[in-house]
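Here is the structure we will look at.
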Amino acid sequence: MSTGGWLFGLLFFSLSLTPSLIPRHFTVQGILCGCAFAAGYAIGVFLEWLWNFLELRWPNRRVARWAGRLCAAACLLLAISFLWFSTGWQNSIRAGMGIAPVAARQPWFVAGIAIVPAAILIGIGTVIVHGVRTVSGWLSRRLPRRVALLGAMVLVGLATATIGDGVIARGLLFAADRFYGSIDRLAGIYDSAPQDPLRSGSEASFIPWDSIGLDARTYVQSGPTAEDIETLTHAPAQAPLRVYVGLRSADTAEARAALALAEMDRIGAFDRSVLVLVMPVGTGWVEPAAIDTLEILHHGDIASVAVQYSYLTSWLSLVSEPDVGVETARALFSAVYQRWTGMPKQTRPRLYLHGLSLGAYSSAASTSLYDVLSDPFDGALWVGPPFASAAWRTATANRNPGSPVWHPEIGDGSALRFANRGEGFLTGGRWGPMRIGFLQYPSDPIVFFDYAMLYREPAWLLGPRAPSVSPLLNWYPVITFLQVALDMALAQTAPIGFGHNYAPQDYFDAWLAITQPPGWTTAGLSRLRETLSRSGDRDAIGGGWFRPAISSPGAP
């Protein structure tokens, strides 16, 4: 066992107990602590090896021995102290989210759970080190000792990367794709096709019912009816139109886009006042609150179309294949935009883009501003844009001086606005003809994760801090990277209005600002907003946001 490894491992173990963006259960905290210990152990082993490789020596071995003991005692005391304080640190995150604190989080359970991932990861690292030593021994028979060592490190590193990325990672991704694909195919197999001929999958539809899965069926079968909207708005309403093309509905992205266009023509989507191109999240899920609120605001005079591009959950797609939906988004936009620009401007619908999470990434990449300058679409609402989104990164990097990265200000705000709450889009002065909005919560790790956190403090921790981010959150190399990476997987466990769980009232206010629905009074909007956001409960409206009583693996 390495002394340096133990010292750095305990240090990293301790720091991983500090708060991040999302509250963690003690089981999850134990797994994180184990991974952090293993990372620290690896760094300590490397530094110890480097010290010996450079043939450095301590001036006094006795002093060095006592210094090592004191450091070990200090790291052990630090770990125990941080375990004791960890409950308060986790409660500081919960306080920022307005949720009740928890009692003691069983710190000794955290330490016990941490042993398992630490042992597994250190074991794998030990096998790799022994592999380097073995190969180095073979090579040293014909090469100088240090050349042999360097060659062994390169060869074992390449073999490890090939096995880890080319075999294990791809195998796990393939298994995950098969698993989620089976759910998508089988979970709704006993549902009967819609009877309404205007719905995708009906007998009159060009889209076979068995080619769209569970998430698509939720989108197709749910949503407010004309009667629901009339009850809420106290005004005449139409039945909203929804089109969904599944991943199995056609073989290529272009074919799926053409199928969507044909279905839109069949049901008269271009005859409505508002047309929305929706890119779903990785599994094909379309957030009900996003579309329901828009349909209600426009009294049902709206058509929306969504095309599936993956089976994987968004965060898994984001780290493995972030561009998987871009081809589909571009094909859909190109097909619809070509038809839309060929219509008379006086009679064609207003055209908007929308996406949540990985759907926002794909939707934002569906077109270039230079391609639509001569005849721009009317606007877009991109919610929870992932950190890898080029459009989001470019806009954030070009924010006005002095505005924080978690709430950027872009120029005079007439074309592009960022908001942490939907109501933020309602302020900021005059809007221009094209209205683009990024809705992002400061506590959303899918938005604010960055690979550079491994070695550099993120910009969202510099300067003024967002109210929902714990004031006790500090950046530590490697540790904060691991914490926020784990937060991405937990992002949807946060309460509504935080993390990656966007609230209905924020969709309501965002769509209100971006689309400016006609025929509303201030009192009517206030009453409707209160109904839709009542206690943050989606069951405030009959039917639980107008959707069937089924659950989905892709649902936030």
Side-chain angles (χ1 to χ4, degrees), residues 181-232 237-250 255-272 274-281 283-296 298-309 311 332 336 349 354 359 538 541-555:
S182 297
I183 291 179
D184 186 75
R185 183 180 297 106
L186 300 175
I189 196 171
Y190 298 110
D191 292 340
S192 57
Q195 299 300 312
D196 186 349
L198 295 179
R199 293 185 180 268
S200 298
S202 64
E203 290 187 4
S205 173
F206 296 142
I207 303 168
W209 179 242
D210 59 1
S211 71
I212 56 179
L214 175 62
D215 286 345
R217 296 182 181 196
T218 302
Y219 171 73
V220 168
Q221 293 177 311
S222 65
T225 63
E227 292 75 16
D228 292 326
I229 297 175
E230 289 174 354
T231 300
L232 286 167
Q238 303 180 59
L241 301 178
R242 295 185 176 188
V243 172
Y244 197 108
V245 179
L247 192 57
R248 298 188 306 276
S249 299
R256 288 190 287 273
L259 184 59
L261 186 62
E263 184 77 353
M264 294 167 69
D265 285 333
R266 183 187 71 84
I267 64 175
F270 289 96
D271 296 330
R272 294 301 173 96
V274 176
L275 179 60
V276 184
L277 307 186
V278 182
M279 290 306 295
V281 303
T283 60
W285 174 262
V286 177
E287 176 58 32
I291 301 302
D292 293 350
T293 52
L294 183 60
E295 292 172 339
I296 295 167
H298 287 272
H299 304 282
D301 188 13
I302 176 176
S304 59
V305 55
V307 180
Q308 186 180 15
Y309 54 87
Y311 298 129
L332 177 63
V336 174
H354 171 63
R538 293 180 180 177
I541 302 174
W545 277 105
F546 313 107
R547 62 179 176 176
I550 54 178
S551 60
S552 166

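The structure presented is a predicted model; accordingly, all values stated were derived computationally and were not measured.
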Determine whether a donor-acceptor pair (N or O, by modelled atom type, separation under 3.5 Å) exists between the side chain of Gln308 and the backbone of Leu247.
yes

Do Val245 and Ile212 make a side-chain contact, defined as non-hydrogen atoms from C-beta onward lying under 4.5 Å apart?
no

Going from CD on Glu230 to NE2 on His299, what distance comes out if it is rounded to the nearest 0.5 angstrom?
10.5 Å

Validation row: Ile207, Val243 side chains within 4.5 angstrom (heavy atoms):
yes

State, with a plain yes or no, whether a side-chain heavy atom of Phe270 is found less than 4.5 Å away from one of Leu261.
yes

Just to verify, what does Arg242 make a salt bridge (Lys or Arg N to Asp or Glu O under 4.0 Å) with, not counting sequence neighbours?
Asp292, Glu295

Can any side-chain N or O of Gln238 pair as donor or acceptor with the backbone N or O of Asp301 at less than 3.5 Å?
no

Close side-chain approach of Ile229 to Pro240, heavy-atom, < 4.5 Å
yes

Under the rule for side chain to side chain donor-acceptor pair (under 3.5 Å), what residues qualify as partners of Glu227, not counting sequence neighbours?
Thr225

Can you tell me how far apart NE2 (His298) and OG1 (Thr293) are? Round to the nearest 0.5 Å.
9.5 Å

Please check: side-chain N/O of Arg272 versus main-chain N/O of Gly300, any donor-acceptor pairing under 3.5 Å?
yes

Flag side-chain contact, heavy atom, 4.5 Å: Tyr244 against Glu263
no

Arg217 to Trp209, cation-pi by 6.0 Å centre distance and 45° axis angle
yes

Taken in chain and number order and not counting sequence neighbours, the residues that satisfy salt bridge (Lys or Arg N to Asp or Glu O under 4.0 Å) with Asp271 are none

Using side-chain heavy atoms (C-beta onward) and a distance below 4.5 Å, is Met279 in contact with Tyr309?
yes

Do Ser205 and Arg199 have side-chain heavy atoms sitting under 4.5 Å apart?
no

